[in-house]
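When a residue number appears, it is its place in the shown sequence, counting from 1. As the structure is a prediction and not an experimental result, all values here were calculated from the model. What's counted below: heavy atoms across the whole structure, side chains too, no hydrogens, waters or symmetry copies.
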Amino acid sequence: MALPKRRTTRMKRNMRRANHDKVAAPTIVPCPNCAAMTVPHRVCAACGHYDGRQIKKVGTDEAETKS
């Protein structure tokens, strides 16, 4: 059975184990319609556009949201 020649240091061991818990920041791109920052391949929350089409109605009128 093979055995390691040298003991692995605590630092090297912890660096190897730390790769499983890495968290990457989400990719953010500007919306082609309104230039608001959005996540790619999602409907823009600011204007409601996706792939050059109006998908969701986004309004600032309180009368529209209450009815």
Side-chain angles (χ1 to χ4, degrees):
M1 180 181 224
L3 294 174
K5 280 194 180 269
R6 297 279 184 249
R7 180 176 177 174
T8 304
T9 63
R10 290 184 299 258
M11 185 175 133
K12 286 291 184 181
R13 179 198 64 202
N14 293 340
M15 282 172 45
R16 182 181 68 241
R17 291 178 180 175
N19 288 326
H20 298 288
D21 298 327
K22 282 186 181 175
V23 177
T27 305
I28 307 265
V29 296
C31 172
N33 187 54
C34 68
M37 299 308 281
T38 61
V39 181
H41 305 286
R42 301 291 186 275
V43 176
C44 177
C47 66
H49 276 79
Y50 177 73
D51 199 24
R53 297 180 305 220
Q54 179 79 26
I55 302 294
K56 182 171 88 172
K57 194 176 213 179
V58 179
T60 57
D61 255 351
E62 289 184 26
E64 287 181 7
T65 57
K66 287 184 179 179
S67 57

Engineer: Measure the OG1-NE2 distance between T27 and H41 for me, rounded to the nearest 0.5 Å.
Structural biologist: 9.5 Å

Engineer: Testing P30, C47, C44 for side-chain contact (heavy atoms from CB on, under 4.5 Å) with T38, which one passes?
Structural biologist: C44

Engineer: For a side chain to side chain donor-acceptor pair (under 3.5 Å) with N33, tell me which candidate from H49, Q54, R53 qualifies.
Structural biologist: H49

Engineer: Quick one: do T8 and R16 satisfy side-chain contact (heavy atoms from CB on, under 4.5 Å)? Show the steps, please.
Structural biologist: CA-CA 11 Å; T8 304; R16 182 181 68 241; 4.1 Å; yes

Engineer: Report the residue from R10, M15, M11 that forms a side-chain contact (heavy atoms from CB on, under 4.5 Å) with R13.
Structural biologist: R10

